[in-house]
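Presented below is the structure to which this report refers.
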Amino acid sequence: MTSPMIDIQNISKSFDHKTVLSGVNLSVEKGQSLVIIGGSGSGKSVTLKCVLGLLRPDSGSILVCGEDITKIGIGNRKRVLKKIGMLFQGAALFDSIPVWENVAFGLIQGLGLKKADAKEIAIEKLRRVGLSPDVGELSPSELSGGMQKRVGLARAIASEPEIIFFDEPTTGLDPIMADVINDLIVECVQDLGATTLTITHDMASARKIADRIAMLYHGKIIWEGDKADIDRSGNDYVEQFIHGSAHGPIQMDLLKT
Amino acid sequence: MKNPLAIIGRIILSALAELGKLSSFAFHVLSHSVRPPIYWRLIGQQMWLIGYNSLPVVGMTALFTGAALAQQIFTGGSRFNAESVVPGVVVIAIVRELGPVLGGLMVAGRVSSAMAAELGTMRVTEQIDALVTLSTDPFKYLIVPRVFAAVVTLPLLVLVANVLGVFGGFLIGTERLGLNAGSYIQVTIDFLQAVDVYSSMVKAGVFGFFIALMGSYHGYYSSGGAQGVGKATTNAVVSAFIAILITNLIITVIVFGGVNG
């Protein structure tokens, strides 16, 4: 039995007395794909930022490849980050450099490859996500939202990471492009044999990408199980969420009169 | 009505907290700037953006200020038949104070704001987080090149400003006020001391540091979308101005406070 690639142990985080995460436990086995679902403000993004080391949880520990990311020094953190790829919600492409350099960024800056070699890989990865080499010469601002997402995906897989994080991979895309991205994610992850952690509120996406699904609500994991079991979770919160109903135990914080 | 003392206390506390955050940011920048990797290409790029692109505005400011200064000193000095002091006062005023201060303020207006806007946008669009996930330290990649380039470039800009400022005075002095060109230059050279030039360059370097520091700091910590970036931009310029004016006075008092002349 190997230890999980990502092991989130009892993390809590609050901002200015507002508790965002309280005692979250999650683990992702090697090669597995875990999708965290949950509404806005449920703490999904904060969980992801904690795992990436961009935020430090108030308590608990997060083991990534066996190293505790919350206590790690800068040098070791860099070593862990080299095994990680991330697709950001808004793609977060660097708009001061052309598309191919975006894709090659981690290869050049992080892994120290030569520019020419990195460009070759970048163009190969762009092709992998269905973009032609001449797109590589464009500036990110010249691309449509779907293309930007694909470039972001190419950048995330460029260094062939062991772990990939996806932050709302389909948000802001039309349903067809969303499905294209979902397919690409599934294919790329299978190619690499990577372990993935995705946060989303898009159930279609979750069903496509996930091996396992966990639902976060008010900073707690309220359900976790195999993708196949989500339709018979027996959990009212999950039921309401996957059917997208306004009625149920989850009440939006609207103005109550 | 709240207790006014409590309000004052809160303002002072938050100001001190901000100062502490800024100091630790500055320390972070300095400690990162001496450890590899150092991105020379980005430093060069920033030097071009800060230096070359600021030349027109800094040069013009200095030229016109020097010219106006010469006219005023001539008018004032003629009451005591002291028109001959024009070259000397112009060169001292420009090199010691106006060249670095006006140059610094102009560059702060151009560069601090641009840096805050760029880094602020990178922050709110998660580009800074993306850098981290691509194993690149945002301090080393974004901030150190800007600070380094500004510290190196500002003295060069101020040198140009000083020359053009004196030249502005020279133009008005010789073309309009009827001063002799040869003796104008001679008096200028006689009045100028090495310490004037040194202090001018030191000031410029310090101002460059604050210009880039304030731009980077406010941009790096900006939050809250477009409005947040707008606020960061304004704060960057205002705080850079304040830092320049205060450090200018401090350096002036340290260098010239004890000496006569």
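None of the values given here were measured: they were computed from a predicted structure.
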Counting a contact as any heavy-atom pair under 4.5 Å apart, which residues of residues 43-53 of chain A contact chain B?
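Result: A:Lys49, A:Leu52.
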Quick check on the structure: residues of residues 141-162 of chain A within a heavy-atom distance below 4.5 Å of chain B, by number.
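Residues in range: A:Arg155.
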Contact class of [X] relative to chain B, heavy atoms under 4.5 angstrom:
| X | result |
| --- | --- |
| A:Leu93 | backbone |
| A:Phe94 | both |
| A:Asp167 | side chain |

Kindly check if the number of other-residue, nucleotide or ligand heavy atoms within 6.0 Å of CZ (B:Phe27) is above 12?
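Atom CZ in B:Phe27 is not crowded, with 12 or fewer foreign heavy atoms closer than 6.0 Å.
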Should we say atom NZ of A:Lys82 is surrounded by more than 12 heavy atoms from elsewhere, each under 6.0 Å from it?
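Counting neighbours around NZ of A:Lys82, more than 12 heavy atoms of other residues, nucleotides or ligands fall under 6.0 Å, so yes.
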For residues A:Gln89 and B:Glu126, report the shortest heavy-atom separation together with the two atoms involved.
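Reported closest heavy-atom pair: N-OE1, 3.9 Å.
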Listed by residue number, which members of residues 213-229 of chain B have a heavy atom under 4.5 Å from any heavy atom of chain A?
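So far as heavy atoms go, nothing in residues 213-229 of chain B approaches chain A to under 4.5 Å.
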Report, by ascending residue number, the residues of residues 127-160 of chain B in heavy-atom contact with chain A at a distance under 4.5 Å; give 'none' if the set is empty.
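Listed by number, the contacting residues are B:Gln127, B:Asp129, B:Ala130, B:Leu131, B:Val132, B:Thr133, B:Leu134, B:Ser135, B:Thr136, B:Tyr141.
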